[in-house]
There are 2 protein chains.
Amino acid sequence: MNTSRKTLTMADVARRAGVSPMTVSRAFKTDSSVSEATRQAILKAADDLGYVFDSTASNLRSQRTDFIAVTIPSINNANFADTVRGLSEGLKPRGLQILLGYTDYDMAEEERLIEQFLRRRPEAIVVTGGRHTPRARRMLENAGIPVIETWDLPDKPIGHVIGFSNAQAVRGMVDHFVAKGLTRIAFIGGDTTRDTRGADRRNGFVAAMQAHGLDASRLIAAGVPPISMREGAEAMARLLETLPDTEAVICVSDLSAFGALTECQRRGVDVPGRLWIAGFGDYEIAEISVPALTTINPFPRDIGARTAALILDVLDGKQDAAAKIAISPELMLRQSTG
Amino acid sequence: MNTSRKTLTMADVARRAGVSPMTVSRAFKTDSSVSEATRQAILKAADDLGYVFDSTASNLRSQRTDFIAVTIPSINNANFADTVRGLSEGLKPRGLQILLGYTDYDMAEEERLIEQFLRRRPEAIVVTGGRHTPRARRMLENAGIPVIETWDLPDKPIGHVIGFSNAQAVRGMVDHFVAKGLTRIAFIGGDTTRDTRGADRRNGFVAAMQAHGLDASRLIAAGVPPISMREGAEAMARLLETLPDTEAVICVSDLSAFGALTECQRRGVDVPGRLWIAGFGDYEIAEISVPALTTINPFPRDIGARTAALILDVLDGKQDAAAKIAISPELMLRQSTG
DNA sequence: TTCTATTTGGGTAACGATACCAAAGTGAAA
DNA sequence: TTTCACTTTGGTATCGTTACCCAAATAGAA
């Protein structure tokens, strides 16, 4: 095919099709005014030559990249993956490309990522959470593009917000347990504030317990966040040894909850007979494990879908004020809690 | 801060720092020849103004984007996520950015994605699997950049290959079961060839069974790939009803294997007492579930890390011939198989 | 002090597409 | 036929950075 390594440009295509480069440019845009006949001739010529449209030139001249920058804490998390899926499905019809990066739950890394991304001139930027380094915050404020914070409801948003209060969601779970007559409730989570949403959940747990006048000190720290199944199992082992009279455990995520459940299975501890276990996130495993896990569904895909819809509205000028969209997480009661 | 919406350029920074734009450009590259004093002054000036480097212009002029395009079947799969992690960690020190897209196990979608990506002029492109539409294959062949196919060992690679034979990996599992004296072995997988690696695994199962002179017809089709926990559970229900004398089941992935296991738990079928179950992928759940699942570890992270290393070598000109790197998946024997 | 390396900084053109403006072509109405 | 409204095509300059080439400054050697 294209054996010569010389770069082909629209000028080459234009020459072959007997038109001007300008017309070639138009032929490659769906909505522009070229007669269908010439467009087909041009696309044919381009195909014959093996021409590949060069976005880098287009980006510079048109000052549009069609990139939407998205940062998530981890690429290996089904919840965030669902948000990205919702986002990308909403953006695809408009030809917007996601520029995805993960911060590894590290705000310094997030700052670096945001800086790298802004250099690439995205049309908008979506970040996870409402907490950032001061410099990251400043960069976002001055970026001159729509900024959407997700998975949280920060007090002082940078721009748009689509999320929920992690603390309040956990409070709902605690309220439910207390209503069922439980008092000795524990929380399993990471041992730092690195995962800020995880820390918010723990804070929500403590606040809710205190609001009920209950002991909020049954906190099992299970290593550096994000904690997963293994850490959940280890934490449960410690819980069973140090606080054997615990009646229920709320875990920072379904993954740690499932790990905790497996530890009970290994030790012959009956769930929910002797101990209740709940998670967070409504991962697939929560629904299918035996027993199925009570959890909280924050509708990750919706977060993504609504973020996409918002971005399109803002880019279309249909939305000028900063939006604040609250998602209502749903308590999913299953067998692991009675 | 930067209230005016007018775009700042290097010329603005140059004026403020009292140097030429050319020197500003040098100050933003780490290895170029500017005195440390002027560099600091320039960076200070840039920071004062709120200048943000414009990659789009840089990309065009330098004909380098520092993008590595990567397509994976699904963003919601821990195996592929691990590969991406290995990749991005290997590429980060060189300032290479991953441009990630997912095909949803659809070759037509992969073709569209590849076309979109090539327009952005990446330095290299990594694809999952060795099967593509003819047009996608042609585009990759003519892209003029390194192409790496992963997670497979195709007969006719486009360029470089880093992967393993899915069929052969499953054959190892069958061999093990047969050596243990089992003969009635079933396979649970998706019901189309949409997931080509999944289809390869099923083919490997059939070939291995036939090689042993055993009945290879115990194939449970469990819906449109990729199948996950729920489909695994449904398939197991069907298997237990239609072929109750089955001694062992190999599942196309650990997720479906775990789903199958939960169905056994719901029905009181003892695993491994009455039935063995094995998966593929060595997901975290395989190690922690009760019983732990026998599986095959294809070292997804290694695939990514070695792909990154290969890309760097090729870009450095240290590697000119097409590499063919075979990963050896490891059989992980756990409690679910005796 | 003179002269040769070496470092540091500047000028100019170009990367390849498209925004903007203008002209030519087309068909219907007058 | 002429005019007008509209569609289709072309010409030119430009987006913001950097490759390339060269000059000035500085350092070190003789």
Side-chain angles (χ1 to χ4, degrees), chain A residues 2 5-43 45-46 49-67 95 116 118-123 144, chain B residues 2 5-43 45-46 49-67 95 116 118-123 144:
Chain A
N2 169 27
R5 274 285 142 266
K6 185 186 133 329
T7 3
L8 290 164
T9 73
M10 281 188 175
D12 299 305
V13 178
R15 213 167 301 123
R16 183 167 233 263
V19 295
S20 76
M22 198 54 240
T23 306
V24 176
S25 172
R26 289 196 183 94
F28 274 91
K29 310 202 68 169
T30 44
D31 57 344
S32 52
S33 56
V34 215
S35 73
E36 201 46 37
T38 35
R39 164 170 282 137
Q40 290 311 324
I42 288 168
L43 294 182
L49 290 171
Y51 168 77
V52 178
F53 183 91
D54 189 337
S55 293
T56 68
S58 173
N59 292 163
L60 175 60
R61 182 57 179 106
S62 66
Q63 299 286 73
R64 299 189 64 238
T65 58
D66 288 341
F67 272 136
Q116 289 304 313
L118 291 180
R119 291 177 164 205
R120 300 219 182 245
R121 297 290 189 266
E123 314 293 337
Chain B
N2 169 28
R5 274 286 143 266
K6 183 188 133 329
T7 0
L8 290 163
T9 72
M10 283 187 174
D12 298 305
V13 178
R15 213 167 301 124
R16 183 168 233 264
V19 295
S20 76
M22 201 51 240
T23 306
V24 176
S25 173
R26 291 196 181 96
F28 274 90
K29 311 203 64 170
T30 45
D31 56 345
S32 51
S33 57
V34 216
S35 73
E36 200 47 36
T38 37
R39 164 169 282 138
Q40 290 310 324
I42 289 168
L43 294 181
L49 291 171
Y51 167 77
V52 178
F53 184 91
D54 189 337
S55 292
T56 68
S58 173
N59 291 163
L60 175 59
R61 181 56 180 109
S62 66
Q63 298 286 76
R64 300 190 62 239
T65 58
D66 289 339
F67 272 136
Q116 288 305 311
L118 290 180
R119 290 176 163 207
R120 300 219 182 245
R121 298 289 189 266
E123 314 293 338

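Residue numbers begin at 1 in each chain, while the letters A, B, ... track the order of the sequences. Please read these numbers as outputs of a predicted model, since none were measured by experiment.
With distances taken from any side-chain atom of A:T23 to the nucleotides D:dT18, D:dG10, D:dT8, the minimum falls on D:dG10.
For the residue pair A:S58 / A:S55, no side-chain donor-acceptor distance below 3.5 Å is found, with atom types taken as modelled.
Annotation: of the two residues near DNA chain C, A:A57 and B:G18, the 5′-most nearest-nucleotide partner is B:G18. Ranked by how close their nearest DNA chain C nucleotide is to the 5' end, B:V34 and B:L60 are led by B:V34. Place A:M22 and A:E36 on DNA chain D by their nearest nucleotides, and A:E36 ends up nearer the 5' end. The nearest heavy atom of DNA chain D to A:R61 and to B:A11 marks one nucleotide each, and the one closer to the 5' end goes with A:R61.
Nucleic acid contact for B:F53: sugar-phosphate only, since backbone atoms but no base atoms lie under 4.0 Å from a heavy atom of the residue. Residue B:S25 is classed as a base contact, given a heavy-atom separation below 4.0 Å to a base. Here A:T38 lies in heavy-atom contact (under 4.0 Å) with sugar-phosphate atoms only. Residue contacts shown for B:V19 are limited to sugar-phosphate atoms, with no base heavy atom under 4.0 Å away. B:S58 comes within 4.0 angstrom of the backbone, heavy atoms only, and of no base. Contacts of A:Y51 with the nucleic acid, taken as non-hydrogen atoms under 4.0 Å apart, involve only primed sugar atoms and P, OP1 or OP2.
Counting only heavy atoms from C-beta outward, the side chains of B:K29 and B:V34 never approach each other to under 4.5 Å. Using a 4.5 Å cut-off on side-chain heavy atoms (C-beta onward), B:T9 and B:D54 make no contact. In this structure the side chain of B:R15 reaches within 4.5 angstrom of the side chain of B:D12, judged on heavy atoms. A heavy-atom distance below 4.5 Å is found between the side chains of A:V19 and A:V24. Side-chain contact between A:R120 and B:N59 is present, with at least one heavy-atom pair separated by less than 4.5 Å.
Between A:D12 atom CG and C:dA17 atom P the separation is 9 Å, expressed in whole Å. B:L8 has its CG atom 15 Å from the C1' atom of D:dT17, to the nearest Å. Here the P atom of nucleotide D:dC15 and the CZ atom of A:R119 are 21 Å apart, to the nearest Å. Residue A:K29 contributes atom NZ, which lies 6 Å from atom P of C:dT18 at whole-angstrom precision. A:M10 places its CE atom 20 Å from the P atom of D:dT14, with the value rounded to the nearest Å. As a whole-Å value, the separation of A:N59 CG from D:dT14 C1' is 16 Å. Going from atom CG of B:D54 over to atom C1' of D:dT14 covers 14 Å, rounded to whole Å. Counting to the nearest Å, the P atom of D:dT14 and the CZ atom of A:R64 are 22 Å from each other.
Close to D:dG16, at under 4.0 Å from its OP1 or OP2, lies a side-chain N or O of A:Q63. Put simply, B:S62 has no side-chain N or O that comes within less than 4.0 Å of OP1 or OP2 on C:dC15. Within the 4.0 Å cut-off from OP1 or OP2 of D:dG16, at least one side-chain nitrogen or oxygen of B:T7 is found. For A:T9 and C:dC15, the shortest distance from a side-chain N or O to OP1 or OP2 is not below 4.0 Å. Distances shorter than 4.0 Å separate some side-chain N or O of A:S20 from OP1 or OP2 on D:dG10.
What you find for B:T65 and B:P122 is that their closest heavy atoms are OG1-CA, 3.7 Å.
Cation-pi geometry between B:R119 and A:F28 is not met: the NZ or CZ atom fails to fall both under 6.0 Å from the ring centre and inside 45° of the normal. Remark: A:R16 fails to qualify as a cation-pi partner of A:Y51 under the 6.0 Å distance and 45° angle criteria applied to the six-membered ring.
One end of the helix from C:dT1-D:dA30 to C:dA30-D:dT1 points its axis 30° away from the other end's axis, with each axis taken from 5 pairs and the angle rounded to 10°.
Taking only distance into account, the side chain of B:R121 never meets the base of C:dG16 through a donor-acceptor pair shorter than 3.5 Å.
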